[in-house]
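All ligand and atom numbering here is 1-based and tracks the order in the structure.
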Amino acid sequence: MTDSTDPTPLPAPPGDMPPEEFRRHAHAVVDWMADYLAHAGEYPVLAQVQPGDVAARLPASAPAEGEPVDDILRDFRDVIVPGMTHWNHPDFFAYFAITAAGPGILGEMLSAALNNNAMLWRSGPAPTELEERTLDWLRQLMGLPAGFHGTIQDTASISTLIAIAAARDAAGLGVREEGMSGRDLPRLRVYASEEVHSSIDKAGITLGLGRSGTRKIPTDAEFRMDPAALEAAIEEDRAAGIRPLAVVASVGTTSTSSIDPVPAIADTCERHGLWLHVDAAYGGSAALVPEMRHVLDGAERADSLVVNPHKWMFVPIDCSVLFSRRPDVIRRAFSLVPEYLWTPEGETVTNLMDYGPALGKRFRSLKLWMTLRYFGAEGMAARIREHVRLARGFAEWVRAEPGWEVMAPVPFSLVVFRHAPRGMTDEETDAHNERVMAAVNATGRSYLSHTRVRGRLALRLAVGNLRTTEEHVRAAWTLLRETVANVRATA
Ligand code: PLP
């Protein structure tokens, strides 16, 4: 019998995937992931698809009704995976090779489940405090002095953007309140070597300095910024009424992995009262190797430094760290607290939203923490050291082979080289190397990328994947030499 006073039962809410269904599919997904990681080297490293191939296999509109996970995962395997270039592949040598190592993947999985947004301390106490503690571990491992405070950003481009914005704020021009247009402001300048990564130019574009706001300083024979030329450029700009803001020194440039003379650049910055930002997005990881710590000499004097654990610390992308000796300036540049984000603990805690343009803050420190703990300082150093050994070994093979040349020093795990047979003009040599690279990459057996060194096309082989062994590097070298023979035969 029903009581007439009983409320009408509410309809069940549409809700999430039921827990048991989640458990079943999660196990299957983890099994797939473990198999994938165990056999990553069996896929073509560079996706063997043409532009539009993947899109052509995807429906133009979303389904009106939900679909079973088994069907979705089938399409993941059949449509998505064949369209992947595999960055976790041991034969991936392009750009800067990276690894999403097991412990970091586990961290990402947990982070996705927790779905935390640590914009405020209270909205994510553990993520906030874990981020600060883990980055202090990293600071120590890199040999940076106490006082450098770190935050995690998604990419180095954003870390650098924040650093340059802080430099602009530190110059006391009132840009935060008044903006940059319609007022009497001098032209502002940032200085960096001609080898600097494009993210520095992009920061200038975004912050209203324009492309001409980044002045490129010439480099020496080893692609390092010339500090005398930097000094002269600053003097010249000052005399012309331009306001210098900051200098970006690189520790590991993208093209050749050169290391700017940071101590001399720090002297110049001190003399002129300029912000020193060090772009160690790639090279900074090498400081985890005790005998390579010198690569950061002078960086202890920087106002800010970026290093990307997602580049060479085996943490799944994305995880960039911005260290700064002046977090108060970054905070002053970016903190803005509307009523709906006010909390009573306010100034007594770290609210991560205060340290950059983004409000939302993904729980990225978990994957870094798990990676550092799983490998330990010695394990990290051993892995980075091995990559350097493999790259230097490859460079030796190239140097020893007639007709081939290494085009830049190898301070880290990147080798820049080309095949330069006698009798070819510069342009012919460029075209020849382009053909060689295209042919190698088309095999799907190795993946290399290229750059220009003093205007000439150069191939880049970067070692950075934990599955890469000497056998893989040797296979790339064999493939390159076979390809050269074939390309010449058919040219
Ligand atoms: N700085 C250097 C030296 C780099 O090599 C790169 C990318 O390769 C970046 C900055 C930009 O990194 P991200 O992709 O994290 O923005």
J.: Answer yes or no: is there an ion pair linking Arg215 with Glu236, defined by an N-O contact shorter than 4.0 Å?
T.: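 A salt bridge links Arg215 with Glu236.
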J.: Would you call Arg389-Glu470 a salt bridge at under 4.0 Å N-O?
T.: yes
J.: Look at atom 13 (P) of ligand 1 and say which protein heavy atom is nearest, naming residue and atom and giving the distance to 0.1 Å.
T.: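 Of the protein heavy atoms, Ala156 N, 3.5 Å lies nearest.
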J.: Go through ligand 1 atom by atom and flag the ones less than 4.0 Å from a non-hydrogen atom of Ser199.
T.: 10 (C)
J.: Run the numbers for me: atoms of ligand 1, each under 4.0 Å from some heavy atom of His310, listed by number.
T.: 15 (O)
J.: Determine, for Arg383 against Glu386, whether the closest basic-nitrogen to carboxylate-oxygen distance falls under 4.0 angstrom.
T.: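 Judged by the 4.0 Å cut-off on N to carboxylate O distance, Arg383 and Glu386 do not form a salt bridge.
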J.: Output yes when the distance from some N or O of ligand 1 to some N or O of Lys311 is under 3.5 Å, and no in every other case.
T.: yes
J.: Should Phe96 be listed as contacting ligand 1, given a heavy-atom distance under 4.0 Å as the test?
T.: yes
J.: Report the part of Asp279 (side chain from C-beta onward, or backbone N, CA, C, O) that has a heavy atom under 4.0 Å from ligand 1; answer both or neither where that applies.
T.: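 The answer is the side chain.
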J.: Counting heavy atoms only, which of Thr254, Asp154, Ile200 is nearest atom 5 (O) of ligand 1?
T.: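 When every heavy atom of Thr254, Asp154, Ile200 is considered, Thr254 comes closest to atom 5 (O) of ligand 1.
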J.: Can we say Arg139 and Asp136 salt-bridge, meaning some charged N sits less than 4.0 Å from an Asp/Glu carboxylate O?
T.: yes
J.: Without hydrogens or angle criteria, can the side chains of Thr151 and Gln153 be said to hold a donor-acceptor pair below 3.5 Å?
T.: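 The criterion, which ignores hydrogens and geometry beyond distance, is satisfied for Gln153 and Thr151.
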J.: Got the closest protein heavy atom to atom 11 (C) of ligand 1, with its distance?
T.: His197 CE1, 3.3 Å
J.: Ligand 1 versus Asn308, non-hydrogen atoms closer than 4.0 Å: side chain, backbone, both, neither?
T.: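 The part of Asn308 near ligand 1 is the side chain, not the backbone.
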J.: Taking 4.0 angstrom as the limit, do Asp354 and Arg332 come out as a salt bridge?
T.: no
J.: Over 60° means perpendicular and under 30° means parallel, so tell me whether Tyr282 and Phe412 are parallel, tilted or perpendicular.
T.: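 Geometry flag for Phe412 against Tyr282: perpendicular rings.
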J.: Examine the proximity of ligand 1 to Ser157 and report which part, side chain or backbone, both or neither, has a heavy atom under 4.0 Å away.
T.: both
J.: Quick test of your reading of the model: are Asp169 and Arg176 salt-bridged, counting only N-O distances below 4.0 Å?
T.: no
J.: Gly252 near ligand 1, heavy-atom distance under 4.0 Å?
T.: yes
J.: Hey, are Arg385 and Glu378 close enough for a salt bridge, meaning a charged N less than 4.0 Å from a carboxylate O?
T.: no
J.: Between Ala281 and ligand 1, which residue portion shows a heavy-atom distance shorter than 4.0 Å: side chain, backbone, both, or neither?
T.: side chain
J.: Contact between Ser320 and ligand 1, counting heavy atoms under 4.0 Å?
T.: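 Heavy atoms of Ser320 never come under 4.0 Å of ligand 1.
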